Protein chains: 2
Amino acid sequence: MAQAIRLHQVKSPLKASCQQCSLSNLCLPLAIEDNDLERLEDIVQQGRIFNRGEHIFDQSTQFRSCFAVKSGSVKTSIITEGGEEQVTGFFMPGELIGLDSMSGDHYACTAKALERTSVCEFPVEKLEDLTGKIPGLQHHMYHLMSQEIQNSHQLTMLLSKNTAEERIAALLLSLSSRFQRRRMSGTNFSLPMPRNDIANFLGLAVETVSRVFTRFQNQGIIKARGREVELLDVEALQMVTRDFSRQGCQ
Amino acid sequence: MAQAIRLHQVKSPLKASCQQCSLSNLCLPLAIEDNDLERLEDIVQQGRIFNRGEHIFDQSTQFRSCFAVKSGSVKTSIITEGGEEQVTGFFMPGELIGLDSMSGDHYACTAKALERTSVCEFPVEKLEDLTGKIPGLQHHMYHLMSQEIQNSHQLTMLLSKNTAEERIAALLLSLSSRFQRRRMSGTNFSLPMPRNDIANFLGLAVETVSRVFTRFQNQGIIKARGREVELLDVEALQMVTRDFSRQGCQ
DNA sequence: GTATGCCATTGATATGAATCAACTTGGTCG
DNA sequence: CGACCAAGTTGATTCATATCAATGGCATAC
């Protein structure tokens with residue numbers, strides 16, 4: 001569990017170029033002006049690297065910054081006093097971590113690199129200054145936070161209304177579309193997280209996750225060997241997730 | 001959390017006094033300057049009244065404003081294409097609704113008055129303008145949205161790890177503390193929502209909610225007759241919710 | 001007063017997923 | 001190479017809660 005907390009100030013060699021970043025339209029507003037972008041670049045610390053298992057921050061860390069994932073992937077989770085863990089999200093390149101922590105002086109969750117991961121750091125103090133000056137950026141922050149709330153509500157719904165199969169199908173499809181957005185294969189990818197984290201995130205036991213994977217495989221919907229996954233029948237997966245929203249109606 | 005405004009309807013002009021509102025320190029930042037407060041009052045439309053069952057907005061409504069509950073209470077829920085409902089929250093006086101909708105052009109959920117309810121309306125466009133000019137207000141918005149994310153994560157955890165008893169105990173305690181904050185009794189209150197909504201919110205069947213209520217009652221922890229609830233043994237309730245966070249550890 | 005409906009409660013039964021318990025598989029290291 | 005450990009799979013059993021079904025208030029309407 002406990003890993004090195006790497007928050008030392010590696011002054012990034014590159015005062016970086018958000019412009020050149022292929023992910024910029026994900027973590028930044030599309031309509032941002034060039035000179036505004038420069039101001040953002042002024043406050044960003046780029047290129048922080050974390051190895052698999054390393055904490056980007058945890059709940060005992062003073063809240064200081066939000067982080068955008070550049071490459072790799074991150075899992076966030078809440079750990080109770082009892083030591084129980086609840087995974088609250090998986091973050092892929094272009095996604096912003098730490099929005100849930102902007103109301104306290106410590107981080108509200110723990111963020112751990114699932115693989116070798118690089119992130120950009122946005123010191124909140126400077127970020128708040130800047131969003132106060134650039135309306136488009138402020139709007140974007142509201143947008144992102146709002147989105148985060150919606151995502152969480154989606155998860156709530158998944159947990160409260162859906163079967164194990166539906167939850168897993170939904171996760172696979174979510175990952176698929178997020179890979180696709182990065183112009184990677186949406187049908188053939190490698191899960192960045194172990195079964196354990198999937199189970200925890202979806203409110204299931206590991207064994208159940210495993211069983212559903214093999215069931216899907218036997219039905220010819222997916223092919224899975226370890227973390228390598230191939231979606232053989234995306235439509236079938238979509239059917240699985242949708243069936244539940246049907247039954248309420250009619 | 002968010003809390004708002006309980007002004008007496010006597011005040012006729014729409015431009016009303018957030019200053020006089022006893023809830024102001026909840027929905028507004030504590031440190032806001034007097035003249036800034038006036039600017040906020042300029043954009044707020046106070047005193048909109050909704051009867052029980054009326055929609056403040058729904059998912060087909062163009063997103064325009066956030067709303068602070070002044071009196072009464074509101075339930076928000078997502079309704080799927082299939083017509084299935086997922087209650088995402090209950091909002092009491094001083095709490096702000098609509099933060100989850102700031103990323104689209106329509107509301108992300110449906111908000112329905114659980115009883116006769118009055119709200120203050122904050123047109124987002126004006127609100128964004130203003131938060132851009134008043135750093136404290138912007139900070140407060142971030143704070144509120146972040147809080148909302150955390151709340152949702154708490155709910156996620158509740159749904160994924162806790163038994164029916166634990167979920168219901170947690171809800172009762174949450175309501176209790178929110179009543180107390182308004183200087184009302186934290187042990188003797190009237191539930192604003194039917195069992196149905198409680199069940200939906202907590203991912204349970206109505207019958208289960210009912211059974212747990214009677215079980216708690218038989219154990220002498222609460223007294224409940226319809227919506228009237230009395231918490232007879234708050235500590236016992238807290239034990240119920242905590243037991244789970246223990247078992248993970250040691 | 002009785003009828004109509006909604007909401008809540010209670011009981012009997014069914015079931016999906018958790019839990020417990022082996023047993024693989026694959027990678028790492030001495 | 002074989003030992004070891006973590007991660008994943010599979011099977012047998014249990015359990016909490018859903019579901020189905022019926023009944024009991026308590027309003028409002030007639």
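In what follows, chains are A, B, ... by sequence order, proteins preceding strands, each numbered from 1. Note that the structure is predicted; figures quoted are calculated from it, not measured.
Picking from D:dT17, D:dT10, D:dG8 the nucleotide with the shortest atom distance to the side chain of B:Thr208 gives D:dT17. Listed nucleotides C:dT19, C:dT10, C:dA18 differ in distance to A:Arg211; the shortest reach to its side chain belongs to C:dT19. With C:dA18, D:dT10, C:dT9 as the choices, the nucleotide that has an atom nearest any side-chain atom of A:Ser210 turns out to be D:dT10. When distances run from any side-chain atom of B:Thr214 to the nucleotides C:dT10, D:dT10, C:dA18, the shortest one goes to C:dT10. Closest to the side chain of B:Pro194, out of D:dG8, D:dT10, C:dA8, is C:dA8. Of the candidate nucleotides D:dT19, D:dG8, D:dT10, D:dT19 has the atom lying nearest to any side-chain atom of B:Glu207.
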side-chain contact (heavy atoms from CB on, under 4.5 Å) evaluation trace for B:Cys109 with B:Asp100: CA-CA 8 Å; B:Cys109 64; B:Asp100 58 342; 3.4 Å; yes

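For a distance-only test at 3.5 Å, the side chain of A:Arg215 fails to qualify as a donor-acceptor partner of the base of D:dT10.
In this structure, B:Arg195 contributes its side chain and B:Gly226 its backbone to a donor-acceptor pair below 3.5 Å. When atom types are taken as modelled, the side chain of B:Ser101 and the backbone of B:Ala108 share a donor-acceptor pair closer than 3.5 angstrom.
The nearest whole Å value for the distance from the CD atom in B:Glu228 to the P atom in C:dA8 is 13 Å. When the C1' atom of D:dA7 is taken as reference, atom CD1 of A:Ile198 falls 12 Å away, rounded to whole Å. Separating the CG atom of B:Leu202 from the P atom of D:dT17 is a distance of 12 Å, rounded to the nearest angstrom. For the pair B:Leu158 CG and D:dT17 P, the computed distance is 12 Å after rounding to whole Å. Atom CD in A:Glu166 sits roughly 15 Å away from atom P in D:dA18 (whole-Å rounding). Atom CG in A:Leu204 sits about 18 Å away from atom P in D:dA16, given to the nearest Å. When the C1' atom of D:dT17 is taken as reference, atom CD of B:Glu165 falls 12 Å away, rounded to whole Å. We find that CG of B:Asn218 is positioned 10 Å from P of C:dG11, with the value rounded to whole Å.
Counting only heavy atoms from C-beta outward, the side chains of A:Leu231 and A:Ser176 approach each other to under 4.5 Å.
When each of B:Val206 and A:Ala205 is assigned the nucleotide of DNA chain C bearing its nearest heavy atom, the one mapping closer to the 5' terminus is B:Val206.
For A:Arg181, the CZ atom is densely surrounded, since the number of other residues' heavy atoms within 6.0 Å is greater than 12.
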